[in-house]
Amino acid sequence: MQLHSLINKEFIMYAWLLPTIKAILPHVGTIITAAQPMFKSRKVDKTSANSDELILQDQISELQNAASQNAGNIQELAQQLQQTVMMFERAAIESEKRYRRLSIVTGTALVAAVVSLGMWMTA
C-alpha cells in the first residue's frame with residue numbers, strides 16, 4: 001500500500017506540468033513579438049533635414065533586421081517548445097503505463113498473500 005501511494009504522489013507531482021505548458025504555448029509568440037528592438041543611440045544634428053532622413057532610414061533598417069531576427073528566434077523557440085511538449089506527453093504516457101503495471105503487480109501480490117494466508121489458516 002505504501003508503494004502505491006509513493007507512485008501516485010510522483011505521478012501527481014508531474015501531472016500539473018503538461019496542462020500548464022499547453023496553456024502557455026499559444027501565448028509565447030505574442031509575448032516574444034511584443035518585445036521591441038531598441039534603436040542604436042545617435043547624435044542628432046537638428047540643422048540638417050537630410051541627416052534626419054538618414055537616421056530614420058537607418059532606424060527602419062534596424063527595425064527590419066530585428067524583426068527578421070525575431071521571426072527566426074520565434075520559429076526556433078516554437079520548435080523547441082513543440083519538442084518539449086511532445087517529450088512531456090511521451091513521459092506522461094510512459095508513467096501511466098508504469099503506474100498501471102505496478103498496480104497490477106501490487107494487486108497480484110495482494111491476492112497471492114490472501115490466498116496463502118487462507119491456505120495457512122485452513123491447514
Side-chain angles (χ1 to χ4, degrees):
M1 197 68 147
Q2 192 175 18
L3 179 63
H4 173 67
S5 63
L6 286 175
I7 293 170
N8 198 17
K9 285 180 186 176
E10 179 182 327
F11 182 72
I12 290 173
M13 186 168 53
Y14 297 111
W16 63 270
L17 195 56
L18 187 61
T20 304
I21 290 174
K22 284 185 177 181
I24 292 172
L25 190 61
H27 303 290
V28 171
T30 307
I31 292 169
I32 293 174
T33 55
Q36 297 179 4
M38 297 183 65
F39 295 115
K40 296 178 185 172
S41 61
R42 306 200 194 295
K43 294 181 181 178
V44 178
D45 181 17
K46 297 287 184 184
T47 60
S48 173
N50 192 21
S51 174
D52 288 342
E53 188 176 315
L54 289 175
I55 291 173
L56 185 60
Q57 287 176 354
D58 284 345
Q59 289 177 342
I60 290 171
S61 174
E62 285 179 24
L63 186 58
Q64 288 172 339
N65 288 337
S68 65
Q69 284 178 346
N70 281 345
N73 291 338
I74 290 170
Q75 184 178 12
E76 182 181 337
L77 233 154
Q79 289 172 351
Q80 290 174 357
L81 281 172
Q82 184 180 14
Q83 290 172 351
T84 303
V85 167
M86 289 172 51
M87 180 186 68
F88 279 126
E89 286 176 346
R90 279 182 275 175
I93 290 169
E94 188 62 35
S95 293
E96 184 68 25
K97 287 179 183 177
R98 184 173 47 203
Y99 173 74
R100 286 185 181 157
R101 281 192 306 258
L102 286 174
S103 294
I104 290 170
V105 168
T106 303
T108 305
L110 181 63
V111 168
V114 169
V115 167
S116 58
L117 180 65
M119 289 173 57
W120 178 73
M121 293 192 77
T122 58

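We use all heavy atoms of the structure for the numbers below, so side chains are in, but hydrogens, waters and symmetry mates are not. Keep in mind the model is a prediction, meaning the values are calculated, not measured.
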- Would you please test I104 and T108 for side-chain contact (heavy atoms from CB on, under 4.5 Å) and show each step? CA-CA 6 Å; I104 290 170; T108 305; 4.1 Å; yes
- Between Y99 and L110, is there a shared hydrophobic cluster once you connect ILVMFWY residues whose side-chain heavy atoms come closer than 4.5 Å? no
- Message: Grouping I, L, V, M, F, W and Y whenever their side-chain heavy atoms are under 4.5 Å apart, do M119 and V111 come out in a common cluster?
- Response: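 Yes, one cluster joins them.
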- Task: Identify the two heavy atoms, one from Q83 and one from R90, that lie closest to each other, and give their separation to 0.1 Å.
- Result: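 Looking at all heavy atoms of both residues, the shortest contact is O-NH2, 4.4 Å.
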- Item | L63 side chain near Q59 side chain, heavy-atom distance below 4.5 Å |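 Contact flag for L63/Q59 side chains = no.
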Any chance you could measure [X], atom [atom1], to [Y], atom [atom2], to the nearest 0.5 Å?
X: Q69; Y: E62; atom1: CD; atom2: CD; value: 10.5 Å
X: N73; Y: S68; atom1: CG; atom2: OG; value: 9.5 Å
X: N65; Y: N70; atom1: CG; atom2: CG; value: 11.0 Å
X: D58; Y: E53; atom1: CG; atom2: CD; value: 11.0 Å
X: L102; Y: R98; atom1: CG; atom2: CZ; value: 7.5 Å

- Query: Is a side-chain donor or acceptor of S61 paired with a backbone partner of Q57 at a separation under 3.5 angstrom?
  - Reply: no
- Message: Around atom CE of M87, are there more than 12 heavy atoms from other residues, nucleotides or ligands closer than 6.0 Å?
- Response: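 Correct, the count exceeds 12.
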